[in-house]
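Structure first, commentary second.
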Amino acid sequence: MMLTSVPATDRNARRTRWLVHGLWAVMLAQMIFFVWRYPHSGPIIDEWEFVPAVTGEEPVIPWLWKLHNEHRFPLPRLVWLPITQIAGDFRAGCWVSMIGVAGTSLLMTNLARRLRGRLHWADAFFPLSLMNVGHWENLRMGYQIVFMMNLLFACILLRLVLTTDRGNLLRRAWQTWLVTLLLCGCGAGGLAFAPFMLLWIVVLAFTAVRAGVVRWNDPRVLGLAGASLLIPLYVWFYMQGFHRPEHHEHPLDVWHTIPEVLRQAMRSALQALPMGFGPAVTGLWPVSGAIVGFVSFELLLKMVRLTATRMADRPRIFGLLLFFISMLGMAFAIGWGRCVFLTPEGEPGFMGMSCRYGWILWPALAVVYFLYLLYGSARQAKWVPIFLMLAVTAMLPFNVVTGIWYEGEPHREGYNAWEKAVRSGQSDEELREEFFPHYGGEMRRHFELGLMLLRQHRFQFYAPVDPPRRGRP
């Protein structure tokens with residue numbers, strides 16, 4: 001059942017549209033400026049590992065399935081590789097990510113309008129939180145298209161959940177199956193949805209049969225049952241040959257006991273969950289962690305109560321509950337993998353606050369927004385979205401300053417110095433010692449091989465040095 005809206009005058013409706021969509025346009029202009037000015041045309045960090053694929057020296061099909069840290073990214077790589085090769089520029093993925101995030105913001109804004117029955121100025125929360133340059137770490141690196149696609153498919157899945165009713169149960173089950181498979185193809189972040197969305201597919205099919213919409217022997221139900229087996233099968237294939245990255249220690253080697261590992265993983269997860277607000281939220285730690293923990297617990301209790309009491313909306317509420325549990329599982333997985341990084345003093349670190357996690361964990365904020373919009377009291381339905389919008393507005397100046405002045409400009413200076421050094425004919429060893437002295441082990445090997453291949457293929461401004469290098473590292 002959709003919300004009924006309070007009648008609004010045409011003038012107020014026009015003003016609201018101008019405000020919300022005008023802010024969306026402003027945020028888009030901000031992202032365009034950032035992507036035009038700050039990303040580097042060459043490889044950044046992890047992208048050095050992918051130079052053999054970009055230059056055609058590594059076979060494409062095995063590379064699509066190849067592990068990168070904890071991830072297999074076949075679907076995003078299928079997009080990122082050809083656009084990078086065609087453009088001859090590692091920044092191409094940045095533009096695609098920008099377009100994808102701008103489209104996701106519109107998708108969520110339109111969903112809020114549909115559920116409420118009208119647009120509200122609080123819906124500016126979506127562009128202000130998703131499209132600000134505080135997400136600089138995702139916007140400056142083309143390969144972060146992997147997190148953009150994770151965000152996009154998760155938001156499409158959230159839309160499917162929130163628009164489920166008794167008349168579309170089986171159709172939603174099929175659509176959820178497809179989007180869940182696409183999410184699984186976007187790495188470990190998407191994999192977090194697999195078991196919970198599979199359970200929701202079963203619940204949707206069971207509810208449709210019980211309601212008399214279809215019978216158990218209906219070909220659509222039988223086909224769905226067979227197709228759903230692809231989800232656990234994909235997870236099984238994903239785990240074949242899985243291993244921890246060389247540069248990531250096992251949590252038990254760092255924290256020694258299971259209770260301490262769980263505590264540190266939870267700590268890092270609570271750092272990561274609010275990153276959808278942008279880097280401004282890092283200054284609120286540990287208060288932000290306490291708030292996120294309390295709100296998450298309250299949301300779980302609220303959805304459990306609603307599942308028990310709102311019979312007509314039970315499939316939708318249960319789907320929203322499973323979606324939110326998937327987000328919590330993703331945050332905990334991030335915490336488990338990143339709690340091993342310590343400060344120079346050997347204290348628990350702050351890797352959970354990396355800006356790159358802002359996009360993939362942002363849907364958790366959307367759950368808060370939509371849950372109270374749909375199932376809060378009249379006061380909650382009005383003020384929770386307003387509070388979220390005002391919160392991201394207050395944080396916007398800090399996010400912009402961080403993205404442009406503290407991160408964008410220093411990185412740009414470094415990239416310009418790198419390009420100048422490469423064009424001047426410095427040797428590979430000189431470049432590594434000057435710009436990447438901290439690279440060691442596997443990362444150093446990726447850098448040396450990548451630089452050599454970029455020179456051999458005369459990619460962008462790279463050219464062989466005199467005398468030419470012989471052999472491969």
Side-chain angles (χ1 to χ4, degrees), residues 16-31 33-34 98 100-113 115-116 119-139 147-148 151-152 154-155 158 270-285 287-289 291-292 294-296 299 327 331 353-373 376 380-407:
T16 302
R17 284 197 300 270
W18 274 105
L19 173 65
V20 175
H21 294 302
L23 283 173
W24 179 89
V26 169
M27 302 306 290
L28 178 62
Q30 179 191 217
M31 286 202 301
F33 170 79
F34 188 95
M98 182 195 73
V101 170
T104 302
S105 174
L106 284 178
L107 178 73
M108 292 291 97
T109 303
N110 289 334
L111 176 60
R113 178 187 56 78
L115 295 177
R116 189 188 291 106
L119 200 63
H120 190 278
W121 59 269
D123 297 335
F125 162 78
F126 300 108
L128 289 174
S129 59
L130 267 176
M131 299 170 64
N132 70 77
V133 296
H135 300 293
W136 62 270
E137 198 169 1
N138 290 319
L139 287 171
F147 282 2
M148 180 279 291
L151 165 70
L152 174 61
C155 288
L158 180 59
L270 291 175
Q271 290 174 351
L273 264 173
M275 288 309 296
F277 283 110
V281 79
T282 61
L284 301 177
W285 176 261
V287 175
S288 61
I291 294 174
V292 165
F294 173 79
V295 171
S296 297
L299 289 180
M327 297 303 307
M353 293 182 182
S354 297
C355 294
R356 71 179 74 101
Y357 302 130
W359 280 357
I360 61 172
L361 291 174
W362 182 89
L365 299 180
V367 172
V368 180
Y369 193 101
F370 288 117
L371 179 64
Y372 284 100
L373 178 64
Q380 290 172 336
K382 174 183 179 181
W383 286 106
V384 169
I386 290 175
F387 172 79
L388 288 172
M389 188 271 185
L390 294 177
V392 296
T393 302
M395 295 181 189
L396 185 61
F398 300 96
N399 288 330
V400 172
V401 168
T402 299
I404 293 179
W405 279 280
Y406 285 98
E407 299 295 343

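On a predicted model such as this, the values are computed, not experimentally measured, just so you know. All values below come from the heavy atoms of this structure, side chains included, with hydrogens, waters and symmetry mates left out.
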When you look at Y369 and D123, which way does the side chain to side chain contact (heavy atoms under 4.5 Å, CB included) test go after all the steps? CA-CA 9 Å; Y369 193 101; D123 297 335; 2.4 Å; yes
Step by step, work out the side chain to side chain contact (heavy atoms under 4.5 Å, CB included) result for V281 and L284. CA-CA 5 Å; V281 79; L284 301 177; 4.2 Å; yes
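In this structure a side-chain-to-backbone donor-acceptor pair under 3.5 Å is missing from S105 to V101. Judged purely by atom type and a 3.5 angstrom limit, N132 uses its side chain to pair as donor or acceptor with the backbone of S129. A donor-acceptor pair under 3.5 Å is absent between the side-chain atoms of Q380 and the main chain of Y372, judged by distance alone.
We find the CE-NE2 distance between M148 and H135 to be 14.0 Å, quoted to the nearest 0.5 Å. The structure places CG of L106 at 6.0 Å from CG of N110, a figure rounded to the nearest 0.5 Å. Going from atom CG of L152 over to atom OG1 of T104 covers 4.0 Å, rounded to the nearest 0.5 Å. Atom CE in M275 sits 7.5 Å away from atom OG in S354 (nearest 0.5 Å).
The nearest pair of heavy atoms linking T109 to P127 is OG1-CD, 4.1 Å. For L151 against L130, the heavy-atom pair with the smallest separation is CD2-CD2, 3.7 Å. When all heavy atoms of P279 and C355 are compared, the closest pair comes out as CB-SG, 3.7 Å. Taking both residues in full, the closest heavy atoms of M131 and M31 are given as O-CG, 3.1 Å, listed atom of the first, atom of the second, then distance. Of all non-hydrogen atoms in G403 and F34, the two that sit nearest each other are O-CE1, 3.2 Å.
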Name the atoms and distances for all side-chain donor-acceptor pairs under 3.5 Å in residues 385-402, with sequence neighbours left out.
residue, atom, partner, partner atom, Å
T393, OG1, M389, O, 2.8
N399, OD1, A280, N, 2.9
N399, ND2, F277, O, 3.0
N399, ND2, M395, O, 3.4
T402, OG1, F398, O, 2.8

Show me the side-chain donor-acceptor pairs of residues 18-26 shorter than 3.5 Å, one per line, residues at least two apart or across chains.
residue, atom, partner, partner atom, Å
W24, NE1, A102, O, 3.2

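Under the 4.5 Å side-chain criterion, counting only non-hydrogen atoms from C-beta, F294 is not in contact with I291. A 4.5 Å side-chain heavy-atom check between M108 and W362 finds at least one atom pair inside the cut-off. Between L270 and W285, some side-chain heavy-atom pair lies under the 4.5 Å cut-off. Using a 4.5 Å heavy-atom threshold, the side chains of V133 and Q30 count as touching.
Within a 6.0 Å sphere centred on OH of Y406, other residues, nucleotides and ligands contribute 12 heavy atoms or fewer.
Ring to ring, F370 and F125 are not that close: their centroids are 6.0 angstrom or more apart.
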